[in-house]
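Read the numbers this way: they start at 1 and go in the same order the structure lists the ligands and their atoms. No experiment lies behind these values; they were computed from the predicted model shown.
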Amino acid sequence: MALLRFSAFWCGTILCLSILSDNLEATPGLLKQSQLCKFCDVRPTNCTGVGRCEAGCEISSTCAHTSEVCVTIWRKKDDNVTMDTICHNPALRLHGLLLDDYNNTKCEMKERKGMGYKFFICSCTYEECNEHIYFSPFSDLLEQVVSVILVSLVPLLVLAVLVVTSFYIYRVYRQRHARPLRKRGQPLHYHDEHANMMDDEGSDSSSTHANNLNHNTELLPIELDAQVGKGRFAEVYRAKLKQGTVVVGGVGGVTGTEQAFETVAVKIFQDEEYASWKNEKDIFSDADLRHENVLHFLTAEERKVHKQYWLITAYHPRGSLQEHLIHHVVSWRDLWTLGGSLARGIAHLHSDRTPCGRYKVPIVHRDIKSSNVLVKGDLTCVLCDFGLGLRLDNSLSVDELANSGQVGTARYMAPEVLESRINLENIESFKQTDVYSMALVLWEITSRCSAIGEVKEYEPPFGKVREHPCVESMKDSVLRDRGRPEIPNTWINHPGIQTVCASIDECWDHDPEARLTAHCVAERFNEMEHLDKLSNHSDEIQYSEP
Ligand code: ADE
């Protein structure tokens with residue numbers, strides 16, 4: 001009996017222990033208890049998947065094994081939302097997933113993708129820890145925001161990419177079709193005739209406004225040398241346009257490097273003369289202006305740091321026609337070269353056709369005088385200083401026309417300009433004022449030509465170089481007295497001079513309509529080429545280098 005009681009005691013103890021051992025896990029000094037979890041069926045729920053939700057049933061139960069943790073699964077298939085609370089051993093997969101958050105004390109939902117429907121799951125290890133479940137307050141909202149952003153931004157981005165690409169293609173197209181701008185380091189070996197050919201080769205009207213403004217933030221590497229001129233609005237400098245370094249051979253075969261450069265002219269306008277810079281730049285930017293008797297324009301720059309505006313052009317070391325005539329007596333041949341090229345330059349400016357016959361905008365200079373004409377090495381002229389130039393195109397505003405009454409230099413102003421009675425209705429009237437001024441310049445050249453006989457010191461028309469007659473005194477001479485510079489009879493012994501003087505006389509006629517055109521004067525010069533053969537005074541005075 002005692003043995004039976006002893007056996008019963010041990011059996012009871014062993015049974016108790018075995019039950020206990022199911023609920024308690026032996027740890028050093030501690031046994032783990034089975035987890036108490038919410039244990040509801042899969043059931044419909046109001047939980048929207050945002051914020052905090054409840055398990056939604058009253059049933060709590062200890063898990064069958066100590067290894068199990070509390071798990072909640074939230075699903076949304078179409079519009080059907082369900083919640084499921086279970087016990088599960090995290091060492092095993094559940095719906096193909098391993099639980100990685102089972103040590104949490106709160107059940108915090110995480111979305112698992114790839115189920116074919118919305119699937120959120122959380123696991124935790126604490127008493128009834130899956131009673132309350134927590135969704136990220138922003139998860140859905142964030143997703144909605146992201147999708148709205150994507151939906152609205154993607155088309156915008158695509159549009160932006162399309163616009164940028166089209167703009168880029170357009171720029172490349174324009175660059176290919178416009179007159180090529182000289183690149184850095186590319187030498188300035190331009191030849192004006194060639195330039196004209198390039199103009200006419202396959203260029204369309206879009207190239208007529210080829211804008212040579214240097215938009216690069218990188219300005220041309222230019223070093224100013226010396227001031228060579230000063231006008232009403234700007235100063236002109238001779239400058240070095242650096243071209244990089246070149247290897248040079250030295251004495252005894254020793255080589256070194258040298259800075260290569262080209263000499264250019266830089267016309268510098270201060271801030272307050274912006275309008276003048278802009279006008280001249282706009283005139284120069286017309287590719288159709290290019291001509292061997294028009295100053296070759298390279299580029300325009302805004303030198304913001306010094307609040308200056310630059311025009312960079314070819315440099316002509318002989319300087320202005322006025323300087324040239326002050327220091328040199330010219331031969332008939334020189335007169336013919338200087339006068340003919342001057343007339344051709346103005347004729348090109350005034351013309352509504354390029355040499356190829358394509359339409360071009362006629363331009364008037366409005367300040368033709370011997371100091372606005374430069375002399376090239378071959379004694380041909382180039383027109384410069386287009387600060388008062390006017391494009392006679394359809395875009396000419398009423399304001400521009402109204403303000404175009406009296407501009408220029410009083411000494412060279414045509415009678416109708418002096419009395420501000422220019423016919424604004426007819427664009428030819430502007431050209432006729434240029435022709436009047438050209439006549440005075442032709443007279444200046446003739447007055448210094450050895451073919452006229454005795455040649456006096458240079459004097460500008462209507463007075464001395466240093467005097468600057470005002471409009472009122474010019475009105476007295478030109479309008480009241482109908483005065484013009486003198487053409488003595490002694491001049492016209494030379495047949496060429498005779499023809500030139502006849503043209504001068506027709507060009508400074510009081511009646512603008514009676515004047516010759518620049519084109520006609522240029523043709524007359526062409527016809528005069530051989531007149532020096534008949535002269536006693538031909539080329540006996542040699543041209544001397546400055
Ligand atoms: N004076 C004004 N412009 C000039 C130029 N381009 N070359 C030489 N002298 C000038």
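Test L335, T499, L342 against F525 for side-chain contact (heavy atoms from CB on, under 4.5 Å) and you get one pass: L335.
In this structure S473 satisfies the side chain to side chain contact (heavy atoms under 4.5 Å, CB included) test together with P469, C470, sequence neighbours excluded. By the salt bridge (charged side-chain N to carboxylate O under 4.0 Å, His left out) test, R303 pairs with E301, sequence neighbours left out.
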Please tabulate, line by line, the atom pairs linking an N/O of ligand 1 to a protein N/O at a distance below 3.5 Å, with the distance in Å to 0.1, or answer 'none'.
unit_1	atom_1	unit_2	atom_2	d
ligand 1	6 (N)	A314	O	2.9
ligand 1	7 (N)	H316	N	2.9

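Atom OG of residue S370 and atom NE2 of residue H324 lie 12.0 Å apart, to the nearest 0.5 angstrom.
In this structure the side chain of Y359 never reaches within 4.5 angstrom of the side chain of T354, judged on heavy atoms.
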Show every donor-acceptor pair shorter than 3.5 Å between a side-chain atom in residues 228-237 and any protein atom, with sequence neighbours excluded, or say none if there are none.
unit_1	atom_1	unit_2	atom_2	d
R232	NH2	D367	OD2	2.9
E235	OE1	Y237	OH	3.1

